[in-house]
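Numbering of residues begins at 1 and proceeds along the displayed sequence.
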Amino acid sequence: MDDVATLTPAIELARANPVRIPNESAEYRAARTALLAEEIELRRHIERVAAQRRALPPGGPVIGDYRFEGEEGEVDLAGLFRDKPTLVVYSYMFGPQRERPCPMCTNLLGAWEGNALDIDQRLSLAVVARSPLDKLLAWKRERGWKNLRLYTDLTGDYSRDYFGVLPDGSEVSAFNVFSRRDGTIRHFWSAEMADETVDPGQDPRGAPDPAPLWMVLDSTPEGRPPDWYPKLDY
């Protein structure tokens, strides 16, 4: 991204915005212009954070013998990459103790299902859970998912090492990115915003939030409800 000093000030861009909504008041337009300037600054900050993420030094090499089973059979972590240099693994809260999976994870993955083929053009996306494969595939059919690749963590080692399972045995969702360069698989980045990083009055969540649901709700007068969560069925 260009150096911040070379960018046109956000308020100037906002003031040049030609959009005017029918019947809006001068008070509304002034407030909306101020908000637009903040939205432009947010976009710029998101890009700065993404650039800082891309510039991370090499992460730790992956040395565990992780085993997974998917629709194509048993694979190791290298097999999850397929022919791509980058692998994204989402740890799905759907362990063997659950009859049905986490609704929040399911909401997120339902949205990713619609983008999975596009994502696959750039990288490999795998969803890992600890329930047996037949249970995962039955759920995939029930949800009508066609493009997400679901795998069972055969030993649970991956889930324990990469924070899909906490030391006390409880499940959490986890989002990990791995790279394969020059034959070496390394951890690149993981979502680390959890209970310890939460602000008062908020649920733990990443930024940007990976679930489109919340972006839509955040755009409304009611905002993100503090006591509502998606369900598996309505």
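Side chain of K84 to main chain of D120: a donor-acceptor pair is present (N/O by atom type, distance under 3.5 Å, no hydrogens or angles). Panel note: side chain E69, backbone L154; no donor-acceptor pair is recorded below 3.5 Å. Side-chain atoms of R181 come within 3.5 Å of backbone atoms of P85 as a donor-acceptor pair (strictly under, hydrogens ignored). The main-chain N or O of T184 is never found under 3.5 Å from a side-chain atom of D182 such that the two would form a donor-acceptor pair. No donor-acceptor distance shorter than 3.5 angstrom exists from the side chain of E38 to the backbone of A34, with no hydrogens or angles considered. In this structure, the side chain of E24 engages the main chain of I21 through a donor-acceptor pair within 3.5 Å. A donor-acceptor pair under 3.5 Å is formed between the side chain of S131 and the backbone N or O of G95. Under a 3.5 Å cut-off, the side chain of S219 and the backbone N or O of M215 do form a donor-acceptor pair. With hydrogens and angles ignored, the 3.5 Å screen pairs no side-chain donor or acceptor of H45 with any backbone N or O of E47.
The shortest distance between side-chain heavy atoms of N147 and W112 does not fall below 4.5 Å. Taking 4.5 Å as the limit, some side-chain heavy atom of D76 sits within range of a side-chain heavy atom of R67. Within the 4.5 Å cutoff, the side chain of S173 has no heavy atoms near those of the L108 side chain.
Y234 and W145 are assigned to two separate hydrophobic clusters, defined by single-linkage of ILVMFWY side chains at heavy-atom distances under 4.5 Å. Note on L213: it clusters hydrophobically with Y229, by side-chain heavy-atom contacts below 4.5 Å among ILVMFWY residues. Placement of L136 and M93 in two distinct hydrophobic clusters is found when ILVMFWY residues are connected by side-chain heavy-atom separations under 4.5 Å, directly or transitively. Grouping the Ile, Leu, Val, Met, Phe, Trp and Tyr side chains by contacts below 4.5 angstrom, directly or via other members, places L42 apart from M193. Two different hydrophobic clusters hold V88 and L117 under the rule that ILVMFWY side chains link at heavy-atom gaps under 4.5 Å.
Note: R141 CZ to L137 CG = 6.0 Å, rounded to the nearest 0.5 Å. One finds the CZ atom of R224 at 4.0 Å from the CG atom of D218 (value rounded to the nearest 0.5 Å). Taking CD1 of I40 as the start and CG of L7 as the end, the distance is 11.0 Å to the nearest 0.5 Å. Rounding to the nearest 0.5 Å places CZ of R54 at 11.0 Å from CD of Q52.
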*Any chance you could lay out the salt bridge (charged side-chain N to carboxylate O under 4.0 Å, His left out) test for E113 and K146, step after step, and finish with the verdict?*
CA-CA 7 Å; E113 160 69 18; K146 304 293 186 182; over 6 Å; no
*Verdict with supporting geometry, V172 and L166, side chain to side chain contact (heavy atoms under 4.5 Å, CB included)*: CA-CA 7 Å; V172 292; L166 299 180; 3.8 Å; yes
*asked:* Please determine whether salt bridge (charged side-chain N to carboxylate O under 4.0 Å, His left out) holds for the pair R98 and E171, giving the CA-CA distance in whole Å, both sets of side-chain angles, and the decisive distance to 0.1 Å.
replied: CA-CA 10 Å; R98 293 177 180 263; E171 283 190 314; 2.7 Å; yes
*Test side chain to side chain contact (heavy atoms under 4.5 Å, CB included) on S91 and F175 and set out the steps.*
CA-CA 6 Å; S91 293; F175 181 7; over 6 Å; no
*With salt bridge (charged side-chain N to carboxylate O under 4.0 Å, His left out) as the test, would you mind laying out the steps for D199 and R205 before giving the verdict?*
CA-CA 10 Å; D199 290 323; R205 61 179 187 259; over 6 Å; no
_Would L148 and L125 count as a side chain to side chain contact (heavy atoms under 4.5 Å, CB included) here? Give the steps._
CA-CA 8 Å; L148 287 174; L125 173 63; 4.0 Å; yes
*V127 and L109: CA distance, side-chain angles, deciding distance, side chain to side chain contact (heavy atoms under 4.5 Å, CB included) verdict*: CA-CA 9 Å; V127 178; L109 292 174; 3.8 Å; yes
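More than 12 heavy atoms of other residues, nucleotides or ligands shown are found within 6.0 angstrom of CG on L56. Other residues, nucleotides and ligands contribute only 12 or fewer heavy atoms inside 6.0 Å of the CD atom of E27. Counting heavy-atom neighbours within 6.0 Å of R186 CZ, excluding the residue itself, gives a total above 12. Enclosure of atom CD in Q202 by more than 12 non-hydrogen atoms of other residues, nucleotides or ligands within 6.0 angstrom is indicated. At most 12 non-hydrogen atoms from other residues, nucleotides or ligands lie less than 6.0 angstrom from CZ of R122. Within 6.0 Å of CG on D168 lie more than 12 heavy atoms contributed by other residues, nucleotides or ligands.
Across all non-hydrogen atoms, the minimal contact from F188 to R53 is CZ-O, 3.3 Å. For the residue pair P225 and W228, the shortest heavy atom distance occurs at CG-CB, 3.6 Å. Minimum interatomic distance between P103 and L232 (heavy atoms only, all atoms of both residues): CA-CD2, 3.7 Å. The shortest non-hydrogen separation linking L150 to L133 is O-CD1, 4.0 Å. Here the shortest heavy-atom pairing between A14 and L36 reads CA-CD2, 3.7 Å. Of all heavy-atom pairs spanning K135 and F94, the tightest one is CE-CE1, 3.7 Å.
Side chain to side chain, R160 and T155 fail the donor-acceptor criterion of an N or O pair below 3.5 Å.
A salt bridge is absent between R130 and D153; no separation between the charged side-chain nitrogens and carboxylate oxygens falls under 4.0 Å. A salt bridge links E39 with R32: at least one charged nitrogen is closer than 4.0 Å to a carboxylate oxygen.
Members clustered with F68: V62, Y66, V75, L77, L80, F81, L87, V89, V128, Y151, Y158, Y162, F178, I185, by chain and number, using a 4.5 Å side-chain heavy-atom cutoff among hydrophobic residues.
Checked against S124 for a side chain to side chain donor-acceptor pair (under 3.5 Å), the options R149, R82, R180 give a single hit: R149.
Applying the side-chain hydrogen bond (donor to acceptor under 3.5 Å, both in side chains) test to residues at least two apart or on different chains, the pairs with a partner in residues 100-111 are Y92-T106, R100-E142, R100-D233.
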